[in-house]
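Here the structure comes first, spelled out in structure tokens, and everything after it is commentary.
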Protein chains: 2
Amino acid sequence: MATVIDPASGPREAIMDAAVHLFGKQGFSGTSMRDIAKAVGVLPGSLYAHIASKEAMLVDIVDDGIRRFLDAVRPHIVSGATPAERLRAMVIAHVSVVADNPERSLVVFHQWRFLGDDNIQAAIGKRRDYEQAFIGVIEDGIKSGTFRATLNRRIAVLSILGALNWTPEWLTPNGALSPEEVGGVIADTLFMGLRG
Amino acid sequence: MATVIDPASGPREAIMDAAVHLFGKQGFSGTSMRDIAKAVGVLPGSLYAHIASKEAMLVDIVDDGIRRFLDAVRPHIVSGATPAERLRAMVIAHVSVVADNPERSLVVFHQWRFLGDDNIQAAIGKRRDYEQAFIGVIEDGIKSGTFRATLNRRIAVLSILGALNWTPEWLTPNGALSPEEVGGVIADTLFMGLRG
DNA sequence: TTTGCTAATAAACAAATGTTTGTTATGACA
DNA sequence: TGTCATAACAAACATTTGTTTATTAGCAAA
């Protein structure tokens, strides 16, 4: 019987985890390969048996990170639920992905600038798709009368994504509220606003 | 008659402007002194006749940036207006500071991690003061019945600041709306929420 | 024991980093 | 004219950077 190896337990995964942590905390340029090697407990040159280059690590981290957000949100974009329910589910899904690893989210949101030109363009394209998914749901809600017709769609979406993209700065995986609860509270705040 | 020299026209100001631009675009660690020197049109060593060190530049930029936000918002925190009016004025003031120089705001929001320990603590303290100013106004609004009593104060404030701190990513100084108008729209969105 | 594979080491490379030093050009004022 | 301050240059410094290469240890299967 073939031994079932935990796919997240190899040396490559240990290296990538350390890279996510350090890129999130110190930034891509602020992190040296020696920093990563020290965190893993290995000499710098040893890393290159498992990864191609420093930038290839960033590509992997950002691509994988973006995919997690898209995969988590996608099922709710066009579900049969009402626009308000769909948007709420998208907000909760987004917050859950952040909470799963806030440092990875910091890399996704802030370190993509250090990708090569091709990968930058790909990342910007996916971010635009992501924004468009939110805009679509909001427009559905306006059409159905659930959301205010006087909304500035663009600024509303950018404000929502701003609130969501700021969460890795303060969200702690072990807080009093679960990620789903936090997402629900944020959704309530955005839906109903401040005034009662 | 003494010649009146524009205080923003010296070589030191040119260097600091280039540093703001590059730190905002490439990050502190991603920017070399040679990058800055090239942007100014000078050899690297020449910079040190005008600035003490790379980190001293960052200290100056972040301190000055934080001060701009505090100065812009402070007069509205305890004005005689209603809580809703005060919060609206604070949001508009914040957006106006961002619009004045989005790159400087990016440095303030994301590069403070590269300060020395003492300056990091000082910056965190000022950020806490800033958050507290928004929390205070929201609590006033809850007490006076203007804002929903069911609000989660902390999450509401972090969502507001998230929306505001994301603006340097998309705000362009020459957009169709003035910074004040954008701030007003954001304030409306936050006050009334999405549903009508 | 030998073979073969995985993973790590040790050492070095060229290039880039922040910074310092001694010197030189420029122009205002005496 | 000579003096003085400002600002830049030219060259170098010790370190740190990402990466490569040749070699060695550990261990499972034959």
Side-chain angles (χ1 to χ4, degrees), chain A residues 1-62 107 111-117 119, chain B residues 1-23 25-62 107 111 113-117 119:
Chain A
M1 168 182 133
T3 309
V4 176
I5 297 181
D6 182 349
S9 66
R12 189 190 143 87
E13 280 68 28
I15 293 171
M16 295 301 287
D17 286 351
V20 167
H21 173 67
L22 290 169
F23 288 173
K25 189 172 146 200
Q26 311 175 0
F28 178 73
S29 303
T31 301
S32 71
M33 296 302 274
R34 285 163 180 81
D35 290 338
I36 297 173
K38 184 175 289 183
V40 176
V42 122
L43 293 192
S46 308
L47 299 174
Y48 288 86
H50 309 280
I51 55 105
S53 69
K54 191 189 181 188
E55 195 187 334
M57 300 181 69
L58 183 63
V59 173
D60 272 15
I61 294 169
V62 171
V107 179
Q111 304 303 316
W112 57 269
R113 294 167 208 263
F114 299 100
L115 295 172
D117 286 347
N119 288 311
Chain B
M1 169 182 130
T3 310
V4 176
I5 297 181
D6 182 349
S9 67
R12 188 190 144 87
E13 281 69 29
I15 293 172
M16 294 301 287
D17 286 350
V20 167
H21 173 67
L22 290 168
F23 288 172
K25 188 172 147 200
Q26 312 176 359
F28 178 73
S29 304
T31 302
S32 71
M33 296 301 276
R34 284 164 180 81
D35 289 339
I36 297 172
K38 183 175 289 183
V40 175
V42 123
L43 293 191
S46 306
L47 299 174
Y48 289 85
H50 309 281
I51 54 105
S53 70
K54 191 189 182 190
E55 195 187 332
M57 301 180 69
L58 183 63
V59 172
D60 271 16
I61 294 168
V62 172
V107 178
Q111 304 304 316
R113 294 168 210 265
F114 299 100
L115 296 171
D117 287 348
N119 288 311

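What you see is a predicted model, and the numbers here were worked out from it, not measured in a lab. Throughout, a chain's letter reflects where its sequence line sits, starting with A, and its residues are numbered from 1.
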message: Rounded to whole Å, please give me the gap between OH in B:Tyr48 and C1' in D:dA10.
response: 16 Å
- request: Rounded off to whole Å, could you give me the NE2-to-C1' distance for the A:His50 and D:dT19 pair?
  value: 15 Å
query: Between atom CD1 in B:Ile15 and atom P in D:dA7, what is the gap in whole Å?
result: 9 Å
task: State, to 0.1 Å, how close A:Tyr48 and A:Ser53 come at their nearest heavy-atom pair, and which atoms those are.
output: CE2-CA, 4.1 Å
message: Check whether A:Lys54 reaches the backbone of A:Phe28 with its side chain - one donor and one acceptor, N or O, closer than 3.5 Å.
response: yes
task: Mind checking B:Ser32 for me? I need base, sugar-phosphate or nothing, with any heavy atom below 4.0 Å counting as a touch.
output: sugar-phosphate
task: May I ask you to say what B:Ser29 touches in the nucleic acid, namely base, sugar-phosphate or nothing, with a heavy-atom cut-off under 4.0 Å?
output: nothing
query: Quick one: A:Arg34 CZ to D:dT20 P, roughly how many Å, whole number?
result: 13 Å
statement: On a heavy-atom basis, the closest approach of B:Ala14 and B:Val40 is O-CG2, 4.0 Å
- request: Name the first nucleotide and the last nucleotide along DNA chain C (5' to 3') that come under 4.0 Å of a heavy atom in chain A.
  value: C:dA7 to C:dA12
task: Check whether any side-chain N or O of A:Glu55 sits under 3.5 Å from a backbone N or O of A:Gly116 as a donor-acceptor pair, and report yes or no.
output: yes
field: Length of the line joining A:Lys54:NZ and D:dT16:P, which is rounded to integer Å
entry: 15 Å
query: Taking CG from A:Leu47 and C1' from D:dT21, how many angstroms apart are they, rounded to a whole number?
result: 15 Å
message: Distance check needed: D:dT6 P versus B:Arg12 CZ, whole Å only.
response: 15 Å
- line: Rounding to 0.5 Å, atoms CE (B:Met16) and NE2 (B:His21) come to a distance of 15.0 Å
message: The side chain of B:Leu43 is closest to which nucleotide in this list: D:dC9, D:dA12, D:dA7?
response: D:dC9
statement: Of all heavy-atom pairs linking B:Ile61 and B:Val107, the shortest is CG2-CG1, 3.8 Å
Nucleotide D:dC13, atom C1' - distance to CE of B:Met33 in whole Å: 16 Å
field: CA sep, side-chain torsions, deciding dist, call: B:Arg12, B:Asp60, salt bridge (charged side-chain N to carboxylate O under 4.0 Å, His left out)
entry: CA-CA 12 Å; B:Arg12 188 190 144 87; B:Asp60 271 16; 2.6 Å; yes
